[in-house]
Amino acid sequence: MRVLSMNTLLAVGVGASAALWLSNKPNRIKAESFLRDLKRKVKPTVFEKSEELPIEKGGHPHPHDLEDNNMVSEGAGYSVQFYNEKMQ
């Protein structure tokens with residue numbers, strides 16, 4: 001019974017201390033930024049994940065890579081053809 005009351009007393013003391021510390025506005029701002037940073041570390045956003053992707057040739061094909069250049073030219077030709085069909 002005494003252990004239960006000591007645990008309860010400890011929990012009430014920690015809660016009161018936290019409430020007293022958070023009653024000050026600069027401390028609340030610090031706590032909010034700390035929790036926001038902690039959340040980002042635990043669960044990164046989509047934008048932070050996209051920076052970690054291994055992109056080797058993002059948008060700059062090598063001039064001697066014929067397969068990649070053909071793919072790019074076909075893609076560009078498709079959009080021009082689609083535009084011309086819509087306009088005519």
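All values below were derived from every heavy atom in this structure, side-chain atoms included, with hydrogens, water molecules and symmetry-related copies excluded. Each residue takes its place number in the sequence, starting with 1.
Through chains of ILVMFWY side-chain contacts below 4.5 Å, Trp21 is grouped with Leu22.
Here Asn24 pairs with Pro26, Asn27 under the side chain to side chain contact (heavy atoms under 4.5 Å, CB included) rule; sequence neighbours left out. In this view, Lys86 and Phe82 satisfy the side chain to side chain contact (heavy atoms under 4.5 Å, CB included) rule, not counting sequence neighbours.
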